[in-house]
Amino acid sequence: MHNLKQIRENLEYFKKSLSHRNSEVNYEQILDLDKKNRQLIQEKEKFEMEKKNISKSKDESLFEKSKEISKQIENLSKKQKIIKSELDNLLSSIPNLPLDEVPIGKDENDNIEVTKSGEIKDFKFKPLSHYELGEKLNMLDFDLATKTTGSRFVFVKDKLAALERAISNFMIDTHIQKNGYTEISPPLMATDETMFGTGQLPKFENDQFEIKFDDKNDRKFLIPTAEVILTNMVKNQIIDKKKLPMRLVASTPCFRKEAGSYGKDTKGMIRQHQFYKVELVSIVENNQCMQELERMTECATKILDDLKLPYRKIILCTGDMGFGAEKTYDLEVWLPSENKYREISSCSSCGSFQARRMKARYKNNNNIEFVGTLNGSGLAVGRTLIAILENYQLEDGSITIPEVLKPYMGNIDKISNN
RNA sequence: GGAGAGAUGGCUGAGCGGUUGAAAGCACCGGUCUUGAAAACCGGCAAAGGGGCAACUCUUUCCUGGGUUCGAAUCCCAGUCUCUCCGCCA
C-alpha cells in the first residue's frame with residue numbers, strides 16, 4: 001500500500017516506475033478522489049468544531065442549532081466514507097515500486113542470472129523425470145490422489161514420505177541452529193485482514209482457497225504460503241526496536257488454486273494445490289532491507305549447497321516480480337529430465353509496503369516508522385524432493401540419499417524399489 | 001454447549017455523562033550529577049488524518065459497528081476477542 005501523499009508529490013516517479021510492472025493505474029481517478037476526499041474532510045471538520053464549541057459552552061439556546069449541525073456532519077461523513085473507500089480500493093491494488101537497481105523487463109525472459117553454483121552431473125543414461133522415478137518406486141501416486149481428492153494432488157508414500165520429512169527437518173534445523181531463525185508452528189488459516197496485510201487481498205482472491213465457517217460472514221483462507229501468517233505476526237503494533245530484527249522460520253503446507261495456470265506443469269508435483277514449504281520471514285528496521293535480503297538469500301542458497309544440488313541465482317525483472325516485492329532473487333535448481341533450471345526459492349524484500357498495509361511499526365528514538373518485511377523460501381520442500389529424485393537417480397531407478405540427509409533417514413544411503 | 005468477568009496509550013493500570021487525549025507507574029528520549037556507567041533528581045513523551053513555507057493549528061480515535069444525548073472512554077443494543085467456572089472432546 002502506498003502513501004497517498006507520496007503519490008501526490010512524486011506522481012511522475014510513480015508513473016514511470018509502475019509502468020514497468022505490467023499494472024494499469026488510473027492516476028486521474030485517484031487524484032480526483034483524493035481531492036474530493038480532502039475537501040469533504042475540511043467541510044466536515046468545520047462543522048465538527050462548531051458543534052464541539054456549542055457543547056463546551058453548555059449554552060442551551062444553541063442546542064437546537066447543534067442538532068442541525070449533527071445532521072450536516074452525518075451527511076458529509078457518509079459522502080466522505082464512500083469516496084474514501086473507493087480511494088482505498090484503488091490504492092490497495094497498486095503493486096509495490098521496484099527499486100532502481102531492479103532490471104527493467106516484461107516477463108521471466110528478462111530476468112538476469114546473477115550466479116551459478118554446483119556441478120551438473122553428466123548422466124551416462126537418459127535421466128528420468130521425478131514422476132517416472134516416483135511411480136517406478138511405487139512411492140508417488142498421482143492416480144490415487146485423483147481418486148480421493150482430484151487433480152494437482154499427490155500421495156507421497158513410504159521412503160519418499162520419509163525423505164520429504166527429512167528435507168523439511170534438515171532445513172528447519174539449519175535455519176534455527178546456523179542462521180538464527182526462531183521456529184514457529186502457525187495456524188494454516190488466515191482472516192481477510194491478514195490476507196490483506198501481505199497483499200493477497202483484494203487483488204488475488206481468486207488464487208486463494210476460502211474456508212466457510214458456520215456464521216455466513218465468517219470466512220478464512222488457507223494460507224498460500226507461511227509468509228502470510230508469519231509476516232502478520234507484527235500487524236497492528238508498535239514494536240520495540242530492540243526486538244528487531246525478528247527472524248522466523250516455519251515449515252507448513254501451502255495451498256494455492258493455481259488459477260490461470262491450466263495446462264501448465266500438469267504432470268508431476270511441480271505445481272500442486274498443496275505442498276510443503278519452509279519459509280523464512282524477517283522483520284527489520286526499514287533501512288536494513290537490502291542487507292537482510294542478501295543474508296536471507298544466502299541462508300537459502302546454503303541449503304542447496306549442503307544438498308549439493310546445482311542451481312543458479314537470478315534477479316527478477318520489474319515485470320516478473322510479485323505484487324508486494326521491491327526486489328526479488330529467485331533460486332532455480334537444475335532438473336536433468338527437463339534439462340533446465342526450475343524455481344525452488346524466491347526471496348523478496350517488500351520494504352515497508354506490507355508494513356503499511358498491516359500497520360506494523362517500530363519506535364526509532366522518538367519517531368514512529370514502518371518496519372521492513374522480507375520473505376523467502378528456504379526452500380520449497382516438494383520441489384526439493386523433485387530435485388533430489390532427479391539429480392540423485394541411478395540407472396536402475398534407485399535414489400541415493402544426500403549426505404546431510406542421511407542422519408534424518410536412519411542412515412540409509414539409498415532408496416530403491418524392494 | 002451453559003454461567004459469569006473483562007477489552008483504555010509501547011506495557012501495567014486509574015477513570016464510569018461535561019477542559020479526560022485520558023491519573024499513576026514502567027519503558028523510552030533529553031538534561032543535571034559522575035572519570036565513565038549505575039542510582040538519584042529535573043524535563044519531555046499516544047496515534048492517524050486535514051490545513052499551513054513554518055511556528056503552529058484543527059479533526060478523529062479509550063475492541064468493532066450502531067443508538068441515546070447539546071455533549072459519551074463513561075449509558076443502551078449488536079458483534080468480535082480474552083479470562084474464570086461447569087460440561088464435552090482430540
Side-chain angles (χ1 to χ4, degrees), chain A residues 1-10 30-92 185-197 201 211-221 229 232-246 253 283-286 352-372:
Chain A
M1 188 89 133
H2 294 293
N3 182 315
L4 244 179
K5 222 182 240 175
Q6 293 278 320
I7 297 181
R8 214 184 297 145
E9 286 165 11
N10 306 293
I30 288 174
L31 293 178
D32 182 50
L33 287 170
D34 173 41
K35 203 173 167 186
K36 279 184 189 155
N37 181 236
R38 283 185 294 151
Q39 261 167 14
L40 286 168
I41 287 174
Q42 284 179 48
E43 283 181 56
K44 190 179 72 163
E45 287 186 352
K46 229 184 276 170
F47 285 118
E48 276 168 343
M49 187 158 65
E50 202 178 341
K51 182 177 159 181
K52 211 173 183 178
N53 286 332
I54 292 176
S55 173
K56 262 184 193 164
S57 75
K58 299 184 198 172
D59 181 347
E60 286 187 39
S61 68
L62 294 172
F63 286 179
E64 272 308 309
K65 193 179 178 192
S66 179
K67 276 187 186 176
E68 277 167 39
I69 293 175
S70 295
K71 282 180 199 159
Q72 306 259 37
I73 292 175
E74 201 181 332
N75 200 346
L76 286 166
S77 174
K78 261 185 205 160
K79 280 189 199 164
Q80 191 263 341
K81 270 183 191 164
I82 292 170
I83 301 272
K84 182 67 168 42
S85 78
E86 279 179 47
L87 189 55
D88 283 343
N89 244 326
L90 288 172
L91 230 44
S92 58
S185 175
L188 303 179
M189 294 186 201
T191 60
D192 282 71
E193 191 185 78
T194 297
M195 296 287 277
F196 178 87
L201 292 184
I211 303 294
K212 290 198 174 94
F213 276 61
D214 285 346
D215 181 349
K216 213 185 158 200
N217 300 318
D218 192 9
R219 63 169 184 177
K220 321 269 185 215
F221 292 92
I229 204 92
N232 273 284
M233 284 169 70
V234 297
K235 88 171 170 189
N236 285 332
Q237 55 171 304
I238 298 175
I239 308 160
D240 189 341
K241 185 179 167 181
K242 284 180 201 149
K243 291 192 176 147
L244 303 178
M246 289 171 60
I283 311 292
V284 301
E285 291 185 53
N286 53 27
S352 53
F353 184 82
Q354 293 179 325
R356 240 172 279 128
R357 290 176 157 252
M358 297 187 296
K359 297 187 177 65
R361 294 160 293 173
Y362 71 104
K363 207 168 200 170
N364 193 7
N365 293 332
N366 274 330
N367 294 324
I368 305 283
E369 294 177 34
F370 288 107
V371 297

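Throughout, a chain's letter reflects where its sequence line sits, starting with A, and its residues are numbered from 1.
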Q: May I have all residue pairs that pass side chain to side chain donor-acceptor pair (under 3.5 Å) and include part of residues 40-50 of chain A, sequence neighbours excluded?
A: A:Glu50-A:Lys65

Q.
For RNA chain B, which residues of residues 52-65 of chain A approach it to below 4.0 angstrom with any heavy atom?
A. A:Lys52, A:Ser55, A:Lys58, A:Phe63

Q. Hey, does A:Ile283 have a side-chain heavy atom less than 4.5 Å from the side chain of A:Tyr362?
A. no

Q: Could you tell me whether A:Lys44 contacts a base, only the sugar-phosphate backbone, or nothing, with contacts defined as non-hydrogen atoms closer than 4.0 Å?
A: nothing

Q. When all nucleic acid strands are considered with a 4.0 Å heavy-atom cut-off, which category describes A:Lys84: base, sugar-phosphate, or nothing?
A. nothing

Q. With rounding to whole Å, what would you report as the distance between B:A23 and B:A46 at their P atoms?
A. 10 Å

Q: Looking at every strand, decide which applies to A:Lys81 at a 4.0 Å heavy-atom threshold: base, sugar-phosphate, or nothing.
A: sugar-phosphate

Q.
Just verifying a value: how many Å separate A:Leu4 CG and A:Asp34 CG, rounded to the nearest 0.5 Å?
A. 4.5 Å

Got a list of side-chain donor-acceptor pairs under 3.5 Å for residues 71-82 of chain A, not counting sequence neighbours?
none

Q. Pick the nucleotide of RNA chain B nearest each of A:Asp34 and A:Glu50; which residue has the one closer to the 5' end?
A. A:Asp34

Q. For A:Glu64, does the CD atom have more than 12 heavy-atom neighbours from other residues, nucleotides or ligands under 6.0 Å away?
A. no

Q | 5' to 3' contact window, RNA chain B with chain A (heavy-atom distance under 4.0 Å) | A | B:G10 to B:G71

(Q) Once you apply a heavy-atom cut-off of 4.0 Å, does A:Ile368 come out as touching a base, just sugar-phosphate, or nothing? (A) sugar-phosphate

Q: Write down the distance separating the C1' atoms in B:A3 and B:U12, rounded off to the nearest Å.
A: 29 Å

Q | Within-4.5 Å side-chain heavy-atom neighbours: A:Lys220 and A:Thr191 | A | yes

**Q.** A:Phe353 side, atom CZ; A:Met1 side, atom CE - distance, nearest 0.5 Å
**A.** 8.5 Å

**Q.** A:Ile239 or A:Ile41, whichever maps to the more 5' nucleotide of RNA chain B
**A.** A:Ile239

Q) For RNA chain B, what is the dot-bracket line, given that a base pair needs Watson-Crick (N1 to N3, plus N6-O4 or O6-N4) or G-U wobble (N1-O2 and O6-N3) geometry with both distances under 3.5 Å, and | means paired with another strand? A) ((((((((.[[[..)..(.....]]].(((((.......))))).((((((....)))))).[[[[[..)....]]]]])))))))....

(Q) Check whether A:Asn37 reaches the backbone of A:Ile83 with its side chain - one donor and one acceptor, N or O, closer than 3.5 Å. (A) no

Donor-acceptor list for residues 235-244 of chain A side chains, cut-off 3.5 Å, not counting sequence neighbours:
from, atom 1, to, atom 2, distance (Å)
A:Lys235, NZ, A:Glu193, OE1, 2.8
A:Lys235, NZ, A:Thr194, OG1, 3.1
A:Gln237, NE2, A:Met233, O, 3.1
A:Asp240, OD1, A:Lys242, N, 3.1
A:Lys241, NZ, A:Asn364, OD1, 2.9

**Q.** Shortest non-hydrogen contact from A:Val234 toward A:Met358
**A.** CG2-CE, 4.2 Å

Q | Gap in Å between the two P atoms, one belonging to B:A90 and one to B:A5, rounded | A | 32 Å

Q: Could you give the distance separating B:C85 and B:C77 at their C1' atoms, to the nearest angstrom?
A: 27 Å

Q. In whole Å, what separates the P atom of B:U8 from that of B:G13?
A. 9 Å

Q: Could you measure between the two P atoms, the one in B:G25 and the one in B:G36, and give it in whole Å?
A: 29 Å

Q.
Is it the case that the side chain of A:Arg357 and the backbone of A:Ser92 share a donor-acceptor pair, with hydrogens and angles ignored and the cut-off at 3.5 Å?
A. yes

**Q.** B:C58 to B:G21 separation - C1' atoms, rounded to the nearest Å
**A.** 14 Å

Q.
Categorize A:Arg356 for me: base, sugar-phosphate, or nothing, with a 4.0 angstrom heavy-atom threshold over every strand shown.
A. nothing

Q. Given the C1' atoms of B:C16 and B:C76, what is the spacing between them in whole Å?
A. 14 Å

Q.
If I take atom CG from residue A:Asp59 and atom CD1 from residue A:Ile54, how far apart are they, to the nearest 0.5 angstrom?
A. 8.5 Å

